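Remember, predicted model here, so these are calculated numbers, not experimental data. Values below: every heavy atom of this structure, side chains too, minus hydrogens, waters and symmetry copies.
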Amino acid sequence: MDQGDSVILDALQGILPEQTLELLQDHLQNPQTLLQSVWRQTVLVTNKLSIILSPLFAPLFARALQALNDSPDIVVLGFVLAAFFLVIQLIAWVHRTMMYMTRLAFRMLGWAFVIALLAIVWRRGPEATIRDIVVFVSKLAGYATLVKDIWLSEYKKFDAQTKRGGGATAGQRTPSGGYSRSRNGW
């Protein structure tokens with residue numbers, strides 16, 4: 001490669017073991033290695049390609065620079081679009097990071113819940129845990145029955161009000177939030 005490789009290897013001398021440094025010197029700096037020959041071939045092809053294509057692209061490049069110099073609005077628009085693109089990319093990155101952290105937090109919360117349940121079963125024993133679960137489910141079913149009874153009674157009250165014409169008392173009308181039939185046929 002070039003002289004910069006030996007500077008890098010000198011800097012790595014206190015960090016890497018001696019065997020690794022010798023291996024790097026043998027395989028990176030030896031002109032007979034495959035890496036060195038691929039590097040030389042790549043540099044040679046790139047130089048030949050730039051020599052061949054420079055007469056073709058130099059006028060196009062000069063015209064493009066002249067057009068940009070003549071109309072600075074395009075440059076400003078390009079910078080605004082580039083800034084917009086960078087902001088969108090930053091927002092997308094923040095969104096991905098937040099989604100990852102949220103997913104990680106909920107996974108940890110789920111596993112903590114499973115471990116807590118296992119700890120409860122371990123501490124109380126299987127019989128007491130099953131008894132506790134049965135008591136909890138029966139109380140939950142009783143609460144659900146109470147909520148169902150309240151909902152049905154309120155539904156029946158509302159149904160009776162709408163069938164009577166909407167008022168809570170016979171002489172007084174209260175506005176309802178839904179559809180109501182008018183008495184004059186409209």
Atom [atom1] of [X] and atom [atom2] of [Y]: how far apart are they, to the nearest 0.5 Å?
| X | Y | atom1 | atom2 | answer |
| --- | --- | --- | --- | --- |
| Ser54 | Leu49 | OG | CG | 10.0 Å |
| Glu18 | Gln25 | CD | CD | 8.5 Å |
| Trp39 | Leu44 | CH2 | CG | 13.0 Å |
| Leu146 | Tyr143 | CG | OH | 7.5 Å |
| Met108 | Met101 | CE | CE | 9.0 Å |
| Arg40 | Thr42 | CZ | OG1 | 10.5 Å |

Between [X] and [Y], which heavy-atom pair has the shortest distance, and what is it?
| X | Y | value |
| --- | --- | --- |
| Thr33 | Asp26 | CG2-O, 3.6 Å |
| Pro55 | Ile51 | CD-O, 3.3 Å |
| Asp159 | Thr162 | O-OG1, 2.9 Å |
| Leu21 | Gln13 | CD1-CA, 3.3 Å |

Does any part of the side chain of [Y], heavy atoms only, come nearer than 4.5 Å to the side chain of [X], both counted from C-beta?
| X | Y | result |
| --- | --- | --- |
| Val43 | Asn47 | yes |
| Leu60 | Phe57 | yes |
| Val94 | Thr97 | no |
| Ile120 | Asp132 | no |

Is it true that a side-chain atom of Thr20 and a backbone atom of Leu16 form a donor plus acceptor pair closer than 3.5 Å?
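No.
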Do Ser153 side-chain atoms and Ile150 backbone N/O form a donor-acceptor pair below 3.5 Å?
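Yes; judged by distance alone, with no hydrogens or angles, the pair exists.
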When clusters are formed from ILVMFWY side-chain contacts under 4.5 Å, directly or step by step, what else is grouped with Val87?
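Answer for Val87: Ile91.
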Return the set of residues passing ring-ring contact (aromatic ring centres under 6.0 Å, His included) with Trp93 (not counting sequence neighbours), or none when no residue passes.
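Counting only residues at least two positions away or on another chain, Trp93 forms no ring-ring contact (aromatic ring centres under 6.0 Å, His included).
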Is Met98 linked to Leu90 within one hydrophobic cluster, defined over Ile, Leu, Val, Met, Phe, Trp and Tyr using a side-chain heavy-atom separation of less than 4.5 Å?
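Yes, same cluster.
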Could you see if Ile15 belongs to whatever hydrophobic cluster contains Leu24? Use Ile, Leu, Val, Met, Phe, Trp, Tyr and a side-chain cutoff under 4.5 Å.
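Hydrophobic grouping puts Ile15 with Leu24.
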Please assess Val38 against Leu34 for the test side chain to side chain contact (heavy atoms under 4.5 Å, CB included), listing each intermediate value before the final yes or no.
CA-CA 6 Å; Val38 168; Leu34 179 66; 4.1 Å; yes
